[in-house]
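All figures in this text were calculated on a predicted structure; none of them were measured in a lab. Note on naming: letters A, B, ... go to the chains in the order of the sequence lines (proteins, then strands), and numbering restarts at 1 for each one.
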Protein chains: 2
Amino acid sequence: MGIQTVIAELSTFLGQRVSCSKSELELHGQSETHFPLMPPDAVAYPESTEEVAKIVQACARHRIPVIGWGVGTSLEAQAQAPKGGICVDFSRMNNILEVRQADMDVTVQPGVTREALNEDLRATGLFFPVDPGANATLGGMAATRASGTTTVRYGSMRQNVLALEVVTASGEVIRTGSRARKTSSGYDLTGLFVGSEGTLGLITELTLRLQGQPEAVASAVCAFPSVGNAVAAVIDTIQMGIPMARIELVDVASVEAVNAYSGSELDAAPHLLLEFHGSDAGVAEKSETFGAIAESHGGAGFEWATKAEDRNALWAMRHNAYHAIKASRPGAKVLVTDVCVPISNLAQVIEETCLDLEKSGIHGPIVGHVGDGNFHTSLMFDDTDATQVSAVKAASNRMVERALAFGGTVTGEHGVGLGKLNYMEREHGSGWAMMGAIKQALDPENIMNPGKLVPPRN
Amino acid sequence: MGIQTVIAELSTFLGQRVSCSKSELELHGQSETHFPLMPPDAVAYPESTEEVAKIVQACARHRIPVIGWGVGTSLEAQAQAPKGGICVDFSRMNNILEVRQADMDVTVQPGVTREALNEDLRATGLFFPVDPGANATLGGMAATRASGTTTVRYGSMRQNVLALEVVTASGEVIRTGSRARKTSSGYDLTGLFVGSEGTLGLITELTLRLQGQPEAVASAVCAFPSVGNAVAAVIDTIQMGIPMARIELVDVASVEAVNAYSGSELDAAPHLLLEFHGSDAGVAEKSETFGAIAESHGGAGFEWATKAEDRNALWAMRHNAYHAIKASRPGAKVLVTDVCVPISNLAQVIEETCLDLEKSGIHGPIVGHVGDGNFHTSLMFDDTDATQVSAVKAASNRMVERALAFGGTVTGEHGVGLGKLNYMEREHGSGWAMMGAIKQALDPENIMNPGKLVPPRN
């Protein structure tokens with residue numbers, strides 16, 4: 001009926017670029033984590049903003065759901081289609097439109113991945129800093145308000161998106177923000193769309209801040225007697241105003257998984273992985289200061305790498321941690337948690353989490369963006385064992401409650417999607433209803449990624 | 001009628017803390033710039049969030065306008081009352097509620113000024129960096145999305161507000177954000193209220209990021225043969241990734257005004273005023289690198305100050321520039337412009353502006369937050385001379401058009417209020433209607449600072 005009419009309408013201008021093939025629907029109904037298959041009714045591959053607008057206009061006329069799709073690396077089912085509808089796959093909108101070196105900004109289409117952008121920027125002396133690990137698309141990263149290992153220094157997508165072009169729920173094309181570095185000109189619509197997970201419109205173009213490639217980069221690993229000591233070293237470093245480009249925590253279980261997977265030989269102790277950016281002299285000075293701080297907190301086996309290949313090996317190890325952890329329990333499902341708390345509470349929250357998991361008999365290695373107070377546990381379970389499933393869900397629930405009790409948020413960077421929907425009222429109180437009121441005002445027919453982020457409508 | 005009922009109702013719980021005295025109404029109907037008197041019907045002085053909520057509830061029942069008031073330093077008539085109503089003066093809500101050193105954050109009431117906060121923080125080794133010049137309240141700075149001289153390094157209020165407590169248009173108390181350093185938990189309501197100029201609710205509590213006081217600070221002035229040379233030096237410095245804490249431009253006319261007012265003896269040339277924060281060695285290295293860049297662009301008379309009293313004198317001179325400029329034409333009215341453009345276009349935009357002003361016979365000295373692409377001209381005029389008034393307005397209008405043509409914004413930091421209302425549609429297109437839809441959803445009776453920022457309602 002409605003959906004078939006829409007698909008027919010889309011094929012009039014997309015031709016073969018709208019598909020209902022089973023394999024494509026399944027591909028676009030999946031997630032990297034534990035959610036079941038939720039396929040759309042069709043997948044559309046637009047090549048321009050105009051085509052996206054025409055897709056949304058067709059869906060609006062027939063009240064058909066519209067879901068954006070980057071490369072499918074979201075972890076909370078943001079891009080899955082629980083109510084069916086049209087999945088808008090941005091893979092054919094992957095052009096880098098303009099790099100402006102003097103202004104250190106770039107305009108891209110949403111399907112450009114962060115690695116493709118940085119590859120393209122290599123010769124310019126500039127780079128785009130937000131690094132969530134996965135090679136996600138920039139449109140998806142903006143929609144999810146992604147962050148990652150470098151956020152402690154360069155901010156998340158919230159700080160790095162200057163302007164957007166968006167197709168709204170009525171199929172209108174609007175522009176938010178500008179290339180000016182700051183503005184006081186009205187409501188921050190750019191900030192409203194960043195993190196809105198496609199529930200208010202589809203991002204069709206992004207203008208992003210770039211950074212100068214640092215003259216010198218130094219990376220290091222350092223073992224600590226406990227997570228508490230490692231976090232104390234981080235707090236001291238931040239308070240001294242020493243700008244770290246990355247500072248990551250891996251716990252003992254993660255170290256063991258990483259050693260087994262990557263062939264590294266780290267001691268069985270919590271480690272910090274660090275990176276400093278700056279001038280040669282600046283990096284050397286920061287490294288030395290950090291070394292002294294680490295030592296005062298029991299840090300040991302401290303080793304610096306300034307050669308690119310050594311540094312790349314180190315961060316490849318960190319980026320592969322999730323795969324290493326998965327590989328440590330072949331066949332197991334994984335629920336990845338994502339709480340973020342004020343850093344003064346981080347050590348205690350991690351400690352209580354470890355005790356809780358131990359008591360519950362759950363294997364859940366920890367990695368964390370410790371400079372931001374954000375950490376992930378990968379809770380492993382057999383999804384055919386109902387007892388394990390409910391134990392893991394209960395532990396995840398307690399972790400969320402613990403984060404909120406300690407002044408934190410239920411999701412530091414993975415977003416809401418379906419996975420965190422049940423915690424939104426708990427975190428935001430009446431603020432969640434206010435999000436619903438904004439959604440109602442901007443998408444009255446509830447066609448943009450329905451069922452996600454805001455209070456469900458009847 | 002409605003208003004008298006509300007005033008009577010407010011006096012039942014505020015007692016003498018609601019006032020209709022002529023002097024107080026006039027005080028709260030003024031602005032620092034060229035707007036005429038627009039007094040409210042009464043001024044209320046709440047001492048708690050509950051009292052603010054009760055004030056708004058009373059106004060909501062009778063559809064009476066509610067306007068927030070900090071210390072009245074806004075420049076675009078944001079706090080004036082063109083439709084009358086109740087002015088909520090936050091001067092009695094000026095407590096610093098909690099400083100958390102390990103987390104480097106602070107929770108304050110909205111009536112705390114930035115200088116009072118920094119005075120209080122002095123012993124902690126921390127400071128709050130946003131510095132618009134005026135000793136504004138933090139509530140007002142958040143509402144206006146203020147920035148200033150240090151934004152190039154530390155960001156504007158947008159980057160430095162972590163969480164808010166807000167009384168909404170219905171008089172409900174909500175909390176947005178948390179003390180977590182980052183979050184992907186739903187729409188960025190904190191970001192929506194920052195810069196909303198009291199049109200969506202009243203901010204009753206703020207949690208702000210703090211910075212560590214730098215180990216070393218160095219300031220400098222440097223003369224350049226032209227504005228273009230000065231801007232070229234700034235672009236090179238930013239591209240080399242040298243973090244500047246402040247980088248300000250003053251043109252020849254401003255230098256002359258400042259010399260006359262402060263007794264300084266700067267050469268009659270465009271100058272950059274700079275500040276670096278860091279370690280002793282870091283600051284020395286950055287200063288040296290900048291010196292070489294400045295020299296390559298014709299910079300001369302380069303002089304560093306690391307002693308606190310010399311630095312304070314330098315920045316007092318900069319902060320007094322507006323008063324110095326005003327004093328250069330006693331009795332003249334001033335229209336302060338506030339455009340912000342991509343930095344690669346800044347030199348050309350300033351150059352065209354100067355030519356335009358010269359051709360129009362308007363005296364308009366320039367100061368600018370040049371690292372952000374933001375600059376101000378102080379257009380002097382005699383408000384009893386209709387020709388001068390219309391010439392100044394026309395020049396301001398051309399400046400706005402020029403900024404938009406060069407990819408910029410009509411207001412870098414002063415906000416919309418009444419002064420920039422007419423340019424909103426020009427800058428945002430349909431985005432302005434979207435702002436109106438959000439306003440309609442969150443303040444359906446249009447009682448929160450009506451007549452400002454969003455499209456007027458009939």
Any side-chain heavy-atom pair of [X] and [Y] under 4.5 Å:
| X | Y | answer |
| --- | --- | --- |
| B:L192 | A:D188 | no |
| A:S185 | B:H428 | yes |
| A:K439 | B:Y187 | yes |
| A:P342 | B:R100 | no |
| B:M435 | A:L189 | yes |
| A:I235 | B:D103 | no |
| A:I174 | B:M434 | yes |
| A:E285 | B:S279 | yes |

**Q.** Result of checking B:T411, B:D338, B:T409 against A:S184 for side chain to side chain contact (heavy atoms under 4.5 Å, CB included)
**A.** B:T411
Q: Calculate, to the nearest 0.5 Å, the distance between atoms CG and CZ belonging to B:L346 and A:R181 respectively.
A: 13.0 Å
Q.
Would you compute the distance between atom CD of A:E427 and atom OG1 of B:T183 and round it to the nearest 0.5 angstrom?
A. 5.0 Å
Count the heavy-atom pairs under 4.5 Å between each of [options] and chain A, then report the option with the highest count.
| options | result |
| --- | --- |
| B:G241, B:A281, B:C340 | B:C340 |
| B:D236, B:I238, B:D105, B:L200 | B:L200 |
| B:V339, B:D372, B:V416 | B:D372 |
| B:G186, B:A102, B:G282, B:G431 | B:G186 |

Contact part of [X] toward chain A, heavy-atom cut-off under 4.5 Å: side chain, backbone, both or neither?
| X | result |
| --- | --- |
| B:V454 | side chain |
| B:E76 | neither |
| B:L442 | side chain |
| B:K182 | both |
| B:R175 | backbone |

**Q.** Neighbourhood of chain A inside residues 144-153 of chain B, taking heavy atoms under 4.5 Å as contact
**A.** B:T144, B:R145, B:S147, B:G148, B:T151
Q: Considering only heavy atoms, give the residues of residues 154-168 of chain B separated from chain A by less than 4.5 Å, sorted numerically, with 'none' for an empty result.
A: B:R158, B:Q159, B:T168
Just so I understand: if I count every heavy-atom pair under 4.5 Å between each of [options] and chain B, which residue has the most?
| options | value |
| --- | --- |
| A:M424, A:H414, A:K420 | A:M424 |
| A:G191, A:G407, A:P243 | A:G407 |
| A:G278, A:A180, A:P214 | A:A180 |
| A:V341, A:N374, A:T176 | A:N374 |
| A:G125, A:G371, A:S196, A:A403 | A:S196 |
| A:G415, A:G212, A:G177, A:A433 | A:G415 |

Q) Is chain B contacted by the side chain of A:F193, its backbone, both, or neither, given a heavy-atom distance below 4.5 Å? A) side chain
Q | Structural part of A:E413 lying under 4.5 Å from a heavy atom of chain B | A | both
Q. Taking all atoms of both residues into account, what is the closest heavy-atom pair of A:A441 and B:A437, and its distance?
A. CB-O, 3.8 Å
Q. Between A:E172 and B:S430, what is the shortest heavy-atom contact and its length?
A. OE2-OG, 2.7 Å
Q.
If we ignore hydrogens and angles and just use 3.5 Å, is the side chain of B:Q239 paired with the main-chain N or O of A:Q101 as donor and acceptor?
A. yes
Q) Should we count CD of A:E425 as having more than 12 external heavy atoms under 6.0 Å? A) no
